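First comes the structure, then the notes that go with it.
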Amino acid sequence: MKKLKDENKILIMLAFFSISIGLWENFRQLWLQLNNLNISQISTTLSLASLLSAICIFICSIKIQLKQIKKFISITLLIKILVMFLLFLNNNGSMQTIRGLIILDIVLEKFIILSIYPLIVCVEKSDILYSKRKLIEYLCRDIGIFVGGITIGKTIMQLTINYNVLLFFSLIFTIISGLILIKIDVKNKNEKSKISFKYIMKGKITIIYLLDYFIASIAMSIGLGLKMLMLTNQLGLSDISATNYLLVVGLIADLMGIIALRYLTPKNDYLTITLKFVIRFIFYVLAFLINSYIMSIIAITWSILISTAYENKTDAPYINRIQNEYQIFFSNIRYMIWMTGNAIGLYFAGMVYQYGMNYMFGVSAIFMIFQIGLAYYLIHLRRVEKIQNE
C-alpha cells in the first residue's frame, strides 16, 4: 500500500482539529451567554483573547525556529487539551475563571492554526497546497458545525447534548489530531528559520499586503465576529436553526471554493477582487440602508459564501513570495496583524451591537472601502513588478 505523504498527514491532522473548532467555536458565544456573561463581556473577552493572541504570536515569531515547529504545535496541543478539560469542568463555575480559560483556549487555538502552513512548508510549498489547506480547514469546521447542529438538544443513551457536551466532543477531536501529529515526520527539519523585520518590510508589496490584511480583519470582525449572537438574539433564530443555516451556507461556500479553485478562477485579478470583496461591500451598504431581515440575511450569506474562494489569488501570491526560512516568522507576523485587527473589530462590534445589526454592517463597509482600494493597488504593483522582471 502506498505510503501516505507527510503533507497529507498534516492535512488530516488539520481536518480533525478543524472539526474540533467547528464543534466548539460555533457555540462558544452561546456557552458564555449561558454562563451569565452579557454581550459586552463576551465581546470584550473575545477581543482581549485576540489581542493577547497577537502579542503572544509576536513573541513566538522571534523565538520559534522552523525546525522546532512540530514540537511547538505538539506542546500547544497538549496545553489546549488541558484547558478544554478545565473549561468542561468549570461549566457554571466562576465567571473570572471561565473568562481566563476562554482567553487561553483561543490563544492556543490561534497558535495551532497559524503554525499549520509553516509545518506544510517544511514538506512542500505551492499556491494550490495553500488553498487546499484553507479549504480543508473551512470544510471540516463545517462538519463540526453539522455534528453540533444535529446533536444539540438531543438525548443519546440518556445523555442530553448541551453546549458543554459539545465542548467535550471537541476535546476528543483535539486529542485525535494530536495523535496524528505524532505520526508526522517533518522533512527539512534542520532548515533554520530566520528573523528579520528588514526582510519582511523591504518590499512595498508585502507592507501594503499586511496593511490590507489588517483592515480586512477589522472589517470582517465587525460584520461577522458575533454572528451567532446576531442570528439568535437579533434575527430571532434558535441556536439549532442558526447552526443549520451556518452549516448549509458554509458547505456551499466550501463547494464554491473548490469549484473556483479548479474551474472558475478568473485570469483577471481585478475581477477576482470584485467578486470576493466588492459585491460583499455592496450588500453591506444595502443592509445598512434598508435595515431589513432579508437584506441582513443576504449580506451575511454572501459574506460567508465567498469567504473560502479565491485565496489562491488574494493571499497565496503574497505569502509564497516569502522565502522558506522566513515563512514561520512571516506567518506569525501576519497572524499577529490579523488578531490585532480581529480584536479591534470585535471591540467595535460589541459597541455597535446595541444600536442594531445594520450599524455593524455600515461600520464594516467603511473599513472595506480602504481594504478594496489597497487590494486593487496590490494587483497594480504586482503587474509593474512582473513587467520590470521580464
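The figures that follow rest on heavy atoms only: side chains count, while hydrogens, waters and symmetry mates do not. Given the structure is predicted, the values throughout are model-derived calculations rather than measurements.
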Quiz item: Can you check whether N342's main-chain N or O pairs, donor with acceptor, with S217's side chain at less than 3.5 Å?
Solution: yes
Quiz prompt | By ring pair (Phe, Tyr, Trp, His ring centres under 6.0 Å) - contacts of F88 (at least two apart) | solution = F168
Exercise. Check side-chain hydrogen bond (donor to acceptor under 3.5 Å, both in side chains) between W338 and all other residues, then give those that pass, not counting sequence neighbours.
Key: none
Quiz item: Can you list the residues that meet the side-chain hydrogen bond (donor to acceptor under 3.5 Å, both in side chains) rule with S303, with sequence neighbours excluded?
Solution: R280, Y284
Exercise. Take V165 and I152 through the side-chain contact (heavy atoms from CB on, under 4.5 Å) test and state the conclusion after the steps.
Key: CA-CA 9 Å; V165 172; I152 188 71; over 6 Å; no
Practice problem: Show your reasoning for whether side-chain contact (heavy atoms from CB on, under 4.5 Å) applies to E25 and I106. | Solution: CA-CA 9 Å; E25 184 182 50; I106 293 174; over 6 Å; no
Self-check item: Partner residues of F173 under the ring pair (Phe, Tyr, Trp, His ring centres under 6.0 Å) criterion, sequence neighbours left out
Solution: none
Exercise. For a side-chain contact (heavy atoms from CB on, under 4.5 Å) with L181, tell me which candidate from I176, I10, L14, L119 qualifies.
Key: L119
Practice problem: Could you list the residues that satisfy side-chain hydrogen bond (donor to acceptor under 3.5 Å, both in side chains) with N90, not counting sequence neighbours? | Solution: none
Quiz item: Which pairs with one or both residues in residues 93-114 pass ring-ring contact (aromatic ring centres under 6.0 Å, His included), sequence neighbours excluded?
Solution: F72-F111
Quiz item: Got a donor-acceptor contact below 3.5 angstrom from the Q234 side chain to the M357 backbone?
Solution: yes
Quiz item: Under 3.5 Å, is there a donor-acceptor pair between the side chain of T151 and the main chain of V147?
Solution: yes
Quiz item: Are the charged groups of R321 and E385 less than 4.0 angstrom apart, N to O?
Solution: yes
Quiz item: Are the side chains of I143 and L247 in touch, meaning some heavy atoms are under 4.5 Å apart?
Solution: no
Quiz item: Is there a donor-acceptor pair under 3.5 Å between the side chain of Q41 and the backbone N or O of N38?
Solution: yes
Practice problem: Mind checking side-chain contact (heavy atoms from CB on, under 4.5 Å) for L255 and listing every partner two or more places apart, or none if nothing turns up? | Solution: I259
Quiz item: Between S18 and C140, is there a donor-acceptor pair closer than 3.5 Å when you use the side chain of the first and the backbone of the second?
Solution: no
Quiz prompt | N/O donor-acceptor pair under 3.5 Å between Q354 side chain and M351 backbone | solution = yes
Self-check item: Of all pairs that satisfy ring-ring contact (aromatic ring centres under 6.0 Å, His included), the ones with a partner from residues 366-389, not counting sequence neighbours
Solution: Y270-Y376
Exercise. Applying side-chain hydrogen bond (donor to acceptor under 3.5 Å, both in side chains), name anything that partners R99, two or more places apart in sequence or on another chain.
Key: T45
Quiz item: Does a side-chain N-to-carboxylate-O contact under 4.0 Å join R383 and D269?
Solution: no
Practice problem: Would you please name every residue forming a ring pair (Phe, Tyr, Trp, His ring centres under 6.0 Å) with F214, sequence neighbours left out? | Solution: none
Tabulate below the donor-acceptor pairs under 3.5 Å that side-chain atoms of residues 285-301 make, not counting sequence neighbours, or state none.
{"residue": "S292", "atom": "OG", "partner": "M295", "partner atom": "N", "Å": "3.1"}
{"residue": "S296", "atom": "OG", "partner": "S292", "partner atom": "O", "Å": "2.9"}
{"residue": "T301", "atom": "OG1", "partner": "Y245", "partner atom": "OH", "Å": "2.7"}
{"residue": "T301", "atom": "OG1", "partner": "I297", "partner atom": "O", "Å": "2.6"}

Quiz prompt | Backbone of S307 reached by a side-chain donor or acceptor of K276 within 3.5 Å | solution = yes
Exercise. Go through the side-chain N and O atoms of S238 and S241 and say whether any donor and acceptor fall under 3.5 Å apart.
Key: yes
Quiz item: ring pair (Phe, Tyr, Trp, His ring centres under 6.0 Å) with F277: which residues, sequence neighbours excluded?
Solution: none
Quiz item: Do F17 and K80 pass the side-chain contact (heavy atoms from CB on, under 4.5 Å) test, and can you show the C-alpha distance, the side-chain angles, and the key distance before you say yes or no?
Solution: CA-CA 11 Å; F17 187 72; K80 179 170 170 56; 3.8 Å; yes
Exercise. Compare all side-chain heavy atoms of I319 with those of F330 and state whether any distance is below 4.5 angstrom.
Key: yes
Quiz item: Distance-only, no hydrogens or angles: does the D105 side chain make a donor-acceptor pair with backbone N or O of L101 under 3.5 Å?
Solution: no
Quiz prompt | Ring-face cation of R141 near F146 (centre distance under 6.0 Å, axis angle within 45°) | solution = no
Quiz item: Any donor and acceptor pair, going by atom type alone, linking the side chain of S177 with main-chain N or O of F16 inside 3.5 Å?
Solution: no
Quiz item: Is there a donor-acceptor pair closer than 3.5 Å between any side-chain N or O of K70 and the backbone N or O of I184?
Solution: yes
